[in-house]
Amino acid sequence: MQLKNLIDIAKVQEIGDFVWYGSADCSKVDFLHQDIDASLRKMAGSFAIVREDNSSIILICDFIRSIPLFYCVYKDEIVIGNNGVTVAKYCHATFSETARTEFLYTSYVTGNETLFQSVYSVLPGEIVRISKSDGTINRHFYWEMIYEGKMEKLSESELINKFDDCLTEVFKDLIARLDGRTALIPLSGGCDSRIVAAMFKRLNYEKVICFSYGRRGNNDAVVSKKVANALGFPWHFIEYNKDMWENLYTSEVYGDYLSYSCNGSGIGSVRSFPAMMKLKDKIPNDCIVVPGHTLDVSFGSHIPDWKDAQVISRNEFVKQIKMKHYRLRRYPILCDSIVNRWADSLPQEMNEKRAIQEIQYFEWINRQPKFIANEVRKYEFLGYGGWELPFWDYRVCEFVREVPAHMLKERYLQYKYMEKIIDPVVGIQIDYFKLLGGSEKAANIKRNLLRMFPFPARAYCLFKMYKHDPMAFYDHITLVEYINWIRRCGVGFNVHAMTTENGLHKIEEIINQD
């Protein structure tokens, strides 16, 4: 079988029989004379590797699959690419209706499957070997996000210091890779991006620009500006309004972006896209975007409140996953057969540690690489100098695997780290534990009220939900449009439901083109 390479991103370097992409230095990887798994587990920065030898094609992605790779064995060819839609079109692959349904509910397809039959995605931390003689596919993980919680004997203070040492190493390496280029931080009002900004300040790296966006005076922007000013970093604000969104949604560039980011297994968010477009002309051309993806998840923000249950049943676990992830449309029961593909392998009952393990693993395999990390596609599409994901560095991943379970509940350790290390640098002291889950709990209360109360009260609740919803926060749509979408998708509706539907239509258009 012959290799058909459809990868259309710039390779970093080609050494012997392998090519790599991304910011990592893969030059020392020796496929012949060392433990490849061990060397890959210590690789700092992003990477995707393609190797062809006499007998096989080898595909490798980094810990978060920041640079996606897709493959299909088609006739007498092994077809690979960085966009699954391109691979599917070349191979005349047909849509999987099951995957299509899941995509509309989650904005991604779980596991190594894609929207297309016979087209597959390399998973985070995975090595895929495809035989050139008969197309046989062998897969194994060189690293997995399997939670173990082994640091139970360390005190809170010791954990905080250990994590700080970890981040210091990670950001020193990141600064070396920046090599004097400007770090551009999408600075929100939350913790993760604030840690990014504070770490640059603590390590005396001054070539930093921060920005925020949305309606003027929104809380995220207010906090963002305060943090940037306190750290002495330049700050830009891009104001959003309804006309801007209308112009974007009807523009050719929006369709082109969907074609680029909606790669067959997931889609990037559009929320910051207008800001990134407008900011491009105001900053240096070599800016490297450094977002805060996604420390909060690693530190437990998506772990449900099990109410101190000693045993979590499979049914309860699946219910929580569906509530959190299969929420972009009404009637998630339509995804039951899809969920069962991975849920059937779970035990009937789990203790807390095992339940956390399965939650973190699901996030790592699915939502984080295919939706969150896939946001970096917009930086590529808009021509920025590059991007980095420091919180998916191997050292951070290894650390969070070992954090004790009680330190992950309600992001306890992360908030304590903010209080002790980050907030003093920024000069902002926040009682994080008063804010715990406030927005999510408030949203759940409103949804329940919406079901209980008669029409006038429901109308009032809808108005309040809209007022505090990011859909209004970033001025995406009017109240009437908001209500119409809720009728179609339910109260869990958000902007990603729109983007996902638009992205799917764009993919169908591409596949159906002659």
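No hydrogens, no waters, no symmetry mates; every other heavy atom, side chains included, goes into these values. Count residues from 1 along the sequence.
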K.L.:
Identify the heavy atoms of L174 and V290 that sit nearest to each other, and give their distance.
P.N.:
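Nearest heavy atoms, L174 then V290: CD2-CG1, 4.1 Å.
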
K.L.:
Return yes when atom NZ of K42 has more than 12 non-hydrogen atoms of other residues, nucleotides or ligands closer than 6.0 Å, and no otherwise.
P.N.:
no

K.L.:
Holding to ring-ring contact (aromatic ring centres under 6.0 Å, His included), I want the full list of residues that pass it with Y254, two or more places apart in sequence or in another chain.
P.N.:
Y249

K.L.:
Evaluate S121 against R65 for side-chain hydrogen bond (donor to acceptor under 3.5 Å, both in side chains), listing each step before the verdict.
P.N.:
CA-CA 10 Å; S121 170; R65 201 204 74 163; 2.6 Å; yes

K.L.:
What I'd like to find out is whether the side chain of Q414 reaches to under 4.5 Å of the side chain of C191, using heavy atoms alone.
P.N.:
yes

K.L.:
Test your reading of the model: is there a side-chain donor-acceptor pair from T114 to the backbone of V119, 3.5 Å cut-off?
P.N.:
yes

K.L.:
Rounded to the nearest 0.5 Å, what separates atom CG in N374 from atom OG in S261?
P.N.:
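Reported to 0.5 Å precision, the distance equals 6.0 Å.
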
K.L.:
Do any N or O atoms from the side chain of R181 and from the backbone of L178 form a donor-acceptor pair under 3.5 angstrom?
P.N.:
yes

K.L.:
So does D53 pair up with K132, basic N to acidic O under 4.0 Å?
P.N.:
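K132 and D53: not salt-bridged.
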
K.L.:
So among W392, F141, Y147, which one has a ring-ring contact (aromatic ring centres under 6.0 Å, His included) with W364?
P.N.:
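Among the candidates, only F141 passes.
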
K.L.:
Should we say atom NZ of K353 is surrounded by more than 12 heavy atoms from elsewhere, each under 6.0 Å from it?
P.N.:
yes

K.L.:
If only atom types and distance count, is the side chain of N263 paired as donor or acceptor with the main-chain N or O of P68 below 3.5 Å?
P.N.:
no

K.L.:
Can you tell me how far apart CG (L184) and OH (Y384) are? Round to the nearest 0.5 Å.
P.N.:
6.0 Å

K.L.:
Using the test ring-ring contact (aromatic ring centres under 6.0 Å, His included), find all partners of F70 that sit at least two apart in sequence or belong to another chain.
P.N.:
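For F70, no residue satisfies ring-ring contact (aromatic ring centres under 6.0 Å, His included) once neighbours in sequence are set aside.
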
K.L.:
Check the pair Q2 / E77 against side-chain hydrogen bond (donor to acceptor under 3.5 Å, both in side chains), numbers first and verdict last.
P.N.:
CA-CA 5 Å; Q2 299 297 313; E77 292 182 314; over 6 Å; no

K.L.:
Do you know which two heavy atoms are closest between T500 and L104, and how far apart they sit?
P.N.:
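What the structure gives for the nearest pair is CG2-CA, 4.0 Å.
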
K.L.:
So, do W143 and F63 have ring centers that fall under 6.0 Å from each other?
P.N.:
yes

K.L.:
Between Y326 and Y105, does the ring centroid distance fall short of 6.0 Å?
P.N.:
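When the ring centroids of Y326 and Y105 are compared, they turn out to be at least 6.0 Å apart.
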
K.L.:
Taking atom CG of D17 as the centre, report whether more than 12 heavy atoms of other residues, nucleotides or ligands fall under 6.0 Å from it.
P.N.:
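Correct, the count exceeds 12.
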
K.L.:
ring-ring contact (aromatic ring centres under 6.0 Å, His included) with H325: which residues, sequence neighbours excluded?
P.N.:
F362

K.L.:
I'd like to know if the side chain of K378 and the backbone of S269 have a donor-acceptor N/O pair within less than 3.5 Å.
P.N.:
yes

K.L.:
Within this structure, what is the CD-OG distance for the pair E102 and S265, rounded to the nearest 0.5 Å?
P.N.:
11.0 Å

K.L.:
Rounded to the nearest 0.5 Å, what's the gap from CG on N5 to CG on L3? Could you check?
P.N.:
5.5 Å

K.L.:
So, does R202 use its side chain to make a donor-acceptor pair with the main chain of I422 at under 3.5 Å?
P.N.:
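Checked: no pair found.
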
K.L.:
Please round to the nearest 0.5 Å and tell me the distance separating atom CG of N351 and atom CD1 of I312.
P.N.:
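Here the rounded value is 7.0 Å.
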
K.L.:
For the pair K324 (side chain) and H302 (backbone), establish whether a donor and an acceptor sit closer than 3.5 Å, ignoring hydrogens and angles.
P.N.:
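No, because the side chain of K324 does not come within donor-acceptor range (under 3.5 Å) of the backbone of H302.
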
K.L.:
Give a yes or no answer on whether the side chain of S56 reaches the backbone of S131 with a donor-acceptor pair at less than 3.5 Å.
P.N.:
no

K.L.:
For Y21 and F47, I'd like to know if the aromatic rings sit close, meaning centre-to-centre distance below 6.0 Å.
P.N.:
no

K.L.:
Rounded at 0.5 Å granularity, tell me how far OG1 in T86 sits from CD1 in I510.
P.N.:
7.5 Å

K.L.:
Quick one: are the ring centres of Y108 and F103 less than 6.0 Å apart?
P.N.:
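Judged by ring-centre distance (under 6.0 Å), Y108 and F103 do not meet the cut-off.
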
K.L.:
Backbone N or O of L123 within a donor-acceptor pair of the E126 side chain at under 3.5 Å?
P.N.:
yes

K.L.:
What about the rings of F299 and F391, do their centers lie closer together than 6.0 Å?
P.N.:
no

